Amino acid sequence: MAELNAEQVPPKNEAAPGPLRVNGAGHSRLVQELALNAGDIIVAVNGILWSRVRSMEYAIDTLVEKAEKPVILTILRAGQFFDVITDSPVKNQTKVVMQEEVESLLSGLSIPLAPDSKDVSRYAVFTSMDHQADIVELRPSFSAMLFPPLWLVFRGLWAAVASFVCVLLTAFAINWVFGVVLYVALCVYVGRKQVALAQVSMQRRGMLKIMVLAASSELEAQNTATRFHEKLVFKFSPYGSGSSEDADIGLI
């Protein structure tokens, strides 16, 4: 487990103490891949609050460089918190929040503890124009590698399914050994590209990625997403089981 010494002093050219505000640059990975908004505030990394380190930027980049476990960032948006997982530095993508702003930003708020990195996964939340929502877990699935045609059908990637079947039929018609080798190669390819393919399938359905969350389950990710986007309607709603709002809050 990667640990950070709270008293570790960063080089003089590193960012100053304070939470980090996400820049609005379109090329920023925080914006493009983690779906963070300009103005979101990073207040903690792996449960270590900004006030316990000399530089949040240095702390995050150091933990990412060690790469011993997922680096979980706690984000403040519109008075509420959520977590994301990052595996790249945040340098040049954020700006330190000045001390005079910090008290007003965090006044009356209780920053939740970050979840254990062993218990969380990364989820992307997609929504259509009419607020119909779906979630993709951004973690490779063994079934995608073992049975790629079925996985492609499940994701609605019909053009990919047709290409997959045509290529395989042609290969087996030429030589069965060649067909087997090609099938294995395609299994490996789909297994390695499945996260990107899953997101492409959502985009082809006209859905837009609005959040990327670190959560212990899809249900928790849905609960968190609906707190920021109240109009979202998931196919399997987290509120359909009759759970109370207080219980849902406890999941965050």
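Since this is a predicted model, take the numbers as computed values, not measurements.
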Peer 1: Could you check whether any side-chain N or O of Asn175 sits under 3.5 Å from a backbone N or O of Phe178, counting only pairs where one atom can act as donor and the other as acceptor?
Peer 2: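 Judged by distance alone, yes, a pair lies under 3.5 Å.
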
Peer 1: Over all heavy atoms of both residues, which pair between Arg77 and Ala35 is shortest? Give the atoms and the distance, please.
Peer 2: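 Heavy atoms only, the tightest pair is NH2-O, 3.6 Å.
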
Peer 1: Looking at side-chain heavy atoms only, is the closest gap between His229 and Thr127 below 4.5 Å?
Peer 2: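 Not touching, per the 4.5 Å side-chain cut-off.
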
Peer 1: At what distance, to the nearest 0.5 angstrom, does CZ of Arg122 lie from CD of Glu33?
Peer 2: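 That separation rounds to 8.0 Å.
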
Peer 1: Checking Gln199 side chain against Ala196 main chain: does a donor-acceptor pair fall under 3.5 Å?
Peer 2: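 Side chain of Gln199 to backbone of Ala196, a donor-acceptor pair under 3.5 Å: no, none is there.
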
Peer 1: In Å, rounded to the nearest 0.5 Å, how long is the span from OG1 of Thr94 to CG of Leu73?
Peer 2: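 Between Thr94 OG1 and Leu73 CG, I get 10.0 Å after rounding to 0.5 Å.
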
Peer 1: Given Leu157 and Arg204, is the side chain to side chain contact (heavy atoms under 4.5 Å, CB included) satisfied, shown in steps?
Peer 2: CA-CA 9 Å; Leu157 293 168; Arg204 288 185 175 178; 4.2 Å; yes

Peer 1: Quick one: pull up CD1 in Ile41 and CG in Leu36 and give me the separation to the nearest 0.5 Å.
Peer 2: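 It is 11.0 Å, given to the nearest 0.5 Å.
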
Peer 1: For the residue pair Ile42 and Ile60, establish whether any side-chain heavy-atom pair is separated by less than 4.5 Å.
Peer 2: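 Heavy-atom side-chain distance check passes, below 4.5 Å.
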
Peer 1: If you group Ile, Leu, Val, Met, Phe, Trp and Tyr by side-chain heavy-atom gaps below 4.5 Å, do Leu186 and Leu169 land in one group?
Peer 2: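 Yes: a chain of side-chain contacts under 4.5 Å links Leu186 to Leu169.
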
Peer 1: Looking at every heavy atom in both Phe234 and Thr226, which two are closest together, and how far apart are they?
Peer 2: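 Distance-wise, the nearest heavy atoms are CE1-CG2, 3.7 Å.
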
Peer 1: Indicate the atoms forming the closest heavy-atom contact of Leu34 with Ile85, along with that distance.
Peer 2: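 Answer, listing the atom of Leu34 first, then Ile85: CD2-O, 3.4 Å.
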
Peer 1: Counting only heavy atoms not in Glu65, do more than 12 fall under 6.0 Å of its CD?
Peer 2: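 Not more than 12 within 6.0 Å, no.
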
Peer 1: Nearest heavy-atom pair of Val96 and Gly18: which atoms, and what distance?
Peer 2: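 So the minimum-distance heavy-atom pair works out to CG1-CA, 4.0 Å.
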
Peer 1: I'd like to check Val120 versus Asp83 (side-chain heavy atoms, cut-off strictly below 4.5 Å). Are they in contact?
Peer 2: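 No, every pair of side-chain atoms sits at 4.5 Å or beyond.
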
Peer 1: So, taking the atom named CG in Leu232 and the one named CG in Asp134, what distance separates them when rounded to the nearest 0.5 Å?
Peer 2: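 Reported to 0.5 Å precision, the distance equals 11.0 Å.
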
Peer 1: Which heavy-atom pair separates Pro149 from Val161 by the least distance, and what is that distance?
Peer 2: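 For Pro149 versus Val161, the nearest heavy atoms are O-CG2, 4.2 Å.
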
Peer 1: About how many Å separate CZ of Phe142 and CZ of Phe147, when rounded to the nearest 0.5 Å?
Peer 2: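 Nearest 0.5 Å value for the CZ-CZ distance: 8.0 Å.
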
Peer 1: Mind checking whether Tyr123 and Val136 have side chains closer than 4.5 Å, heavy atoms only?
Peer 2: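 Answer no - side chains too far apart.
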
Peer 1: Hey, quick one: are Val233 and Leu219 part of the same hydrophobic cluster, counting side-chain heavy atoms closer than 4.5 Å, chains of contacts allowed?
Peer 2: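 No; Leu219 is not reachable from Val233 via cluster members.
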
Peer 1: Would you sort out whether Leu208 and Phe126 count as a side chain to side chain contact (heavy atoms under 4.5 Å, CB included), showing the intermediate values?
Peer 2: CA-CA 5 Å; Leu208 177 68; Phe126 290 81; 5.9 Å; no

Peer 1: Report yes if the side chains of Gln203 and Lys209 come closer than 4.5 Å at any heavy-atom pair, otherwise no.
Peer 2: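 A side-chain contact under 4.5 Å is absent here.
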
Peer 1: Could you go step by step and tell me if Tyr189 and Phe164 meet the side chain to side chain contact (heavy atoms under 4.5 Å, CB included) rule?
Peer 2: CA-CA 11 Å; Tyr189 175 80; Phe164 193 101; over 6 Å; no

Peer 1: I'd like to check the side chain to side chain donor-acceptor pair (under 3.5 Å) partners of Glu137; sequence neighbours left out, ordered by chain and number.
Peer 2: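 For Glu137 the side chain to side chain donor-acceptor pair (under 3.5 Å) partners, ignoring immediate neighbours, are Ser121, Arg139.
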
Peer 1: Rounded at 0.5 Å granularity, tell me how far NE2 in His131 sits from CD1 in Ile210.
Peer 2: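 Reported value, rounded in 0.5 Å steps: 9.5 Å.
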
Peer 1: Evaluate salt bridge (charged side-chain N to carboxylate O under 4.0 Å, His left out) for Asp61 paired with Lys91, printing each intermediate quantity in order.
Peer 2: CA-CA 7 Å; Asp61 292 357; Lys91 191 172 184 178; over 6 Å; no

Peer 1: Between Val177 and Ile174, is there a shared hydrophobic cluster once you connect ILVMFWY residues whose side-chain heavy atoms come closer than 4.5 Å?
Peer 2: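 No: no chain of side-chain contacts under 4.5 Å links Val177 to Ile174.
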
Peer 1: Examine Val190 and Val153 and state if one hydrophobic cluster contains both, with Ile, Leu, Val, Met, Phe, Trp and Tyr joined whenever side-chain heavy atoms are less than 4.5 Å apart.
Peer 2: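 Cluster IDs for Val190 and Val153 match.
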
Peer 1: Would you mind reporting whether Met129 and Met207 have side-chain heavy atoms less than 4.5 Å apart?
Peer 2: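 Not in contact.
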
Peer 1: Do Val180 and Phe172 have side chains that approach each other closer than 4.5 Å (heavy atoms only, starting at C-beta)?
Peer 2: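 With C-beta onward as the side chain, the pair touches.
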
Peer 1: When you look at Leu20 and Lys95, which way does the side chain to side chain contact (heavy atoms under 4.5 Å, CB included) test go after all the steps?
Peer 2: CA-CA 5 Å; Leu20 299 176; Lys95 185 177 181 180; over 6 Å; no

Peer 1: Hey, does Val167 have a side-chain heavy atom less than 4.5 Å from the side chain of Leu182?
Peer 2: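 Leu182 vs Val167: side chains touch.
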
Peer 1: What closest approach, in Å, do Val84 and Val212 show between heavy atoms, and which atom pair accounts for it?
Peer 2: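 The answer is CG1-O, 3.0 Å.
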
Peer 1: Do Ser128 and Gln132 get their side chains close enough for a donor-acceptor pair, meaning under 3.5 Å?
Peer 2: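 The criterion, which ignores hydrogens and geometry beyond distance, is not satisfied for Gln132 and Ser128.
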
Peer 1: Would a hydrophobic clustering, with Ile, Leu, Val, Met, Phe, Trp and Tyr connected at side-chain separations under 4.5 Å, put Met145 with Leu138?
Peer 2: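 No.
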
